[in-house]
Amino acid sequence: MDAVRLIVTSRRALAAGGGAPDLLTEVWQAQTLAQAIGSRLALAGPPHLRGEATGLADLAGHGIGVLDRAPLDSGEPRAARLTELGDTRACLMHLGGLLGDVGIALVGIACAADDEATYWSCVEAIDAADEARDRVRDMLRKLAEREAALPRREAG
């Protein structure tokens with residue numbers, strides 16, 4: 001399945017809300033998808049984005065790890081259905097939005113947490129999602145710079 005379709009599915013699932021367990025499942029699904037997209041870009045994406053893509057995959061992996069568990073009834077990760085990235089710019093723009101949604105969901109979970117362990121794991125996951133979103137912004141900036149440089153080269 002195309003990355004943008006998977007991202008849109010994840011964003012809708014996060015927006016649908018539910019209790020903390022359901023939201024944590026969707027956060028896990030989103031971070032797994034971000035990790036898969038980062039890994040795919042690192043291996044086969046534009047060469048000038050591969051370093052940031054590796055960082056994105058690592059940060060998303062950290063976001064998964066600090067949540068300390070895979071959801072019980074999540075089944076196969078949505079990311080396992082990823083077959084193609086499609087347009088890199090569109091993929092990254094949608095992924096940035098998804099990571100922002102992840103941060104917002106985690107803030108809500110952290111604020112409602114009954115125990116310190118959940119609170120602090122959410123805080124760490126928020127940091128990971130925010131840093132991953134920064135990587136996505138860096139990649140979008142590099143794409144824009146590269147595209148802006150192409151007409152100058154052709155004119156010169």
Pairs satisfying side chain to side chain donor-acceptor pair (under 3.5 Å), at least one member in residues 38-51, at least two apart: none
Reported CZ-to-CG distance for the pair Arg11 and Asp101, which is rounded to 0.5 angstrom: 4.0 Å
Side chains of Pro46 and Leu41 in contact at under 4.5 Å (non-hydrogen atoms): yes
Backbone of Arg78 reached by a side-chain donor or acceptor of Gln29 within 3.5 Å: yes
For Ile37 against Cys91, the heavy-atom pair lying closest together: CG2-SG, 3.8 Å
Residue pairs fulfilling salt bridge (charged side-chain N to carboxylate O under 4.0 Å, His left out) with at least one residue in residues 117-129, sequence neighbours excluded: none
Nonpolar side-chain network containing Tyr119, other nodes, edges under 4.5 Å: Trp120, Val123
CG-CD distance between Leu14 and Glu26, expressed to the nearest 0.5 angstrom: 6.0 Å
Spacing of CG belonging to Leu92 relative to CG belonging to Leu85, to within rounding of 0.5 Å: 8.5 Å
Option from Arg12, Met93, His94 for which side-chain contact (heavy atoms from CB on, under 4.5 Å) with Ile7 holds: His94
Heavy-atom closest pair, residues Ala79 and Ala36: CB-CB, 3.8 Å
Side chain to side chain, Trp28 and Leu24, heavy atoms closer than 4.5 Å: no
CG-OG1 distance between Leu49 and Thr88, expressed to the nearest 0.5 angstrom: 7.0 Å
Heavy-atom check, side chain of Ile64 versus side chain of Val27, under 4.5 Å: no
Only distances under 3.5 Å count here; give the side-chain donor-acceptor pairs of residues 134-143 to other protein atoms, sequence neighbours excluded, each with its distance to 0.1 Å.
from	atom 1	to	atom 2	distance (Å)
Asp134	OD1	Arg137	NH1	3.3
Arg141	NH1	Glu145	OE1	3.4
Arg141	NH1	Glu145	OE2	3.1
Lys142	NZ	Glu52	OE1	3.4
Lys142	NZ	Glu52	OE2	2.8

N/O donor-acceptor pair under 3.5 Å between Arg133 side chain and Leu99 backbone: no
Rounded distance (nearest 0.5 Å) linking atom OG1 of Thr9 with atom CE of Met1: 6.0 Å
Side chain to side chain, Arg89 and Glu147, heavy atoms closer than 4.5 Å: yes
Quick one: side chains of residues 103-111, donor-acceptor pairs under 3.5 Å with protein atoms, not counting sequence neighbours, listed by atom name and distance.
none

Neighbour count above 12 (heavy atom, 6.0 Å) for Asp114 CG: no
Non-neighbouring partners of Ala30 that pass side chain to side chain contact (heavy atoms under 4.5 Å, CB included), sequence neighbours left out: Leu98, Val102
Spacing of CG belonging to Asp115 relative to OG1 belonging to Thr118, to within rounding of 0.5 Å: 3.5 Å
Gly17 versus Leu23, closest heavy-atom pair with distance: CA-CD2, 3.9 Å
